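Step one of this worksheet: look at the structure below.
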Amino acid sequence: MSRPPRISNSLSWEKSTIYFVTFCVTNRMHVLANHRAWNICRATFARLDQWTILSALAMPDHVHVLISPLADRDASISGFAKWFKRWFNEAFWNCRPSVSDGRQRTWQWQEGCFDRLLRSDESLSEKWEYIRQNPVRAGLVTGPDEWPYQYQFPISLFLN
């Protein structure tokens, strides 16, 4: 079954284009909430030169990001997802995805990603606070500032 066509960006031109994207691990395996995986996430974000990573948070089995395209308002989320996963996997497995090094892969990303264009009436700071509360709701920490696997770009630069 193919994906439905992407709905075009209908935000007014003065509004920033911001997506809420989630990448999940197949079978929800807990492999991402550790320093090694988080450092690889951060390094991968730095390589995605067509996007600004406004904020990101890694949970044990998924990663949330708030992103904005740098130049093209209709930039491809599937392209973003493809490169994020490819570069993350290269660093995590320390090899190219097409080259087998004999090691068995113990986990993989779910196909695609979940993405949503933030509407003009949605608050970016409220969406980030919702994401930050994820580890608290999961019982991993008592307060969002205790969670070490999060990053926030100065969101005020993107508020209209």
Side-chain angles (χ1 to χ4, degrees), residues 3 6 16-72 75-101 103-118 122-159:
R3 287 184 60 137
R6 173 160 303 282
S16 296
T17 299
I18 299 170
Y19 293 95
F20 176 19
V21 180
T22 302
F23 299 102
C24 295
V25 173
T26 300
N27 299 324
R28 304 303 285 235
M29 293 181 67
H30 289 201
V31 295
L32 298 174
N34 59 70
H35 291 296
R36 178 174 178 255
W38 182 239
N39 288 337
I40 292 170
C41 279
R42 296 281 308 261
T44 302
F45 295 151
R47 290 184 71 181
L48 294 162
D49 60 359
Q50 295 179 23
W51 295 87
T52 297
I53 309 302
L54 302 174
S55 58
L57 184 139
M59 291 292 288
D61 59 359
H62 63 280
V63 174
H64 292 298
V65 291
L66 290 169
I67 60 172
S68 182
L70 286 174
D72 180 7
S76 167
I77 293 292
S78 63
F80 171 84
K82 174 184 112 177
W83 288 108
F84 172 78
K85 291 177 184 179
R86 179 179 184 161
W87 289 337
F88 181 94
N89 287 346
E90 284 178 3
F92 192 87
W93 299 113
N94 200 22
C95 69
R96 293 184 196 207
S98 60
V99 177
S100 173
D101 62 357
R103 290 189 299 170
Q104 182 180 3
R105 304 299 188 252
T106 56
W107 66 273
Q108 63 185 9
W109 296 105
Q110 283 183 358
E111 186 176 331
C113 63
F114 300 99
D115 62 274
R116 192 160 86 71
L117 176 65
L118 269 59
E122 289 182 286
S123 165
L124 179 58
S125 57
E126 287 176 10
K127 185 61 69 181
W128 172 234
E129 189 56 33
Y130 172 81
I131 293 169
R132 288 190 52 192
Q133 292 296 327
N134 224 357
V136 177
R137 286 189 300 272
L140 299 171
V141 291
T142 58
D145 291 331
E146 298 171 20
W147 191 246
Y149 312 114
Q150 61 180 308
Y151 163 80
Q152 182 179 9
F153 189 79
I155 287 180
S156 61
L157 299 176
F158 282 83
L159 299 176

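When reading the values below, keep in mind they use all heavy atoms of this one structure, side chains included, and skip hydrogens, waters and symmetry mates. A quick note: this is a predicted structure, and the numbers were derived from the prediction, not measured.
Partners of Asp61 according to the side-chain hydrogen bond (donor to acceptor under 3.5 Å, both in side chains) rule, which considers only residues two or more places apart in sequence or in another chain, are Arg28. Every ring-ring contact (aromatic ring centres under 6.0 Å, His included) that Trp109 has, sequence neighbours left out, goes to Phe84, Phe88, Trp107. Residues satisfying the side-chain hydrogen bond (donor to acceptor under 3.5 Å, both in side chains) criterion with Glu146, sequence neighbours excluded, are Thr142. Every residue two or more places apart in sequence or in another chain that forms a side-chain hydrogen bond (donor to acceptor under 3.5 Å, both in side chains) with Gln133 is listed here: Glu129. In this view, His64 and Phe20, His62 satisfy the ring-ring contact (aromatic ring centres under 6.0 Å, His included) rule, not counting sequence neighbours. The side-chain hydrogen bond (donor to acceptor under 3.5 Å, both in side chains) search around Asp145 returns Arg132, not counting sequence neighbours.
Lys85 places no side-chain N or O within donor-acceptor distance of the main-chain N or O of Gln108, the cut-off being under 3.5 Å. The main-chain N or O of Arg36 is found under 3.5 Å from a side-chain atom of Asn34 such that the two form a donor-acceptor pair.
Between Ala33 and Ala58, the closest heavy-atom pair is CB-O, 4.5 Å. Looking at every heavy atom in both residues, Trp147 comes nearest to Pro135 through CG-CG, 3.5 Å. Annotation for Gly143 and Val141: closest pair O-CG2, 3.3 Å, computed over non-hydrogen atoms. When every heavy atom of Ser68 is checked against every heavy atom of Thr17, the shortest pair comes out as OG-O, 2.8 Å. Across Cys113 and Val21, no two heavy atoms sit closer than the pair SG-CG1, 3.8 Å. When all heavy atoms are compared, the tightest approach of Val25 to Leu32 is CG2-CD1, 3.6 Å.
Two residues are said to be in side-chain contact when any heavy atoms from C-beta on lie closer than 4.5 Å; Gln50 and Pro69 fail this criterion. Trp128 has its side chain within reach of Leu57: a pair of non-hydrogen atoms, C-beta onward, lies under 4.5 Å apart. Within the 4.5 Å cutoff, side-chain heavy atoms of Leu48 are placed close to those of Trp87. Considering only heavy atoms from C-beta on, Tyr151 stays 4.5 Å or farther from Val65 through its side chain. The side-chain heavy atoms of Tyr130 and Glu126, taken from C-beta on, include no pair separated by under 4.5 Å.
Distance check, rounded to the nearest 0.5 Å: CD1 of Ile131 to OG1 of Thr22 gives 7.0 Å. Remark: Trp38 CH2 to Gln150 CD distance equals 7.5 Å, nearest 0.5 Å. With rounding to the nearest 0.5 angstrom, the CG atom of Leu66 is 8.0 Å from the NZ atom of Lys127.
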Is there a side chain to side chain contact (heavy atoms under 4.5 Å, CB included) between Ile67 and Asp115 once you walk through the steps?
-> CA-CA 10 Å; Ile67 60 172; Asp115 62 274; over 6 Å; no
Steps toward side chain to side chain contact (heavy atoms under 4.5 Å, CB included) verdict (Phe80, Tyr19) = CA-CA 11 Å; Phe80 171 84; Tyr19 293 95; over 6 Å; no
Side chain to side chain contact (heavy atoms under 4.5 Å, CB included) evaluation trace for Leu140 with Met59 | CA-CA 9 Å; Leu140 299 171; Met59 291 292 288; 3.8 Å; yes
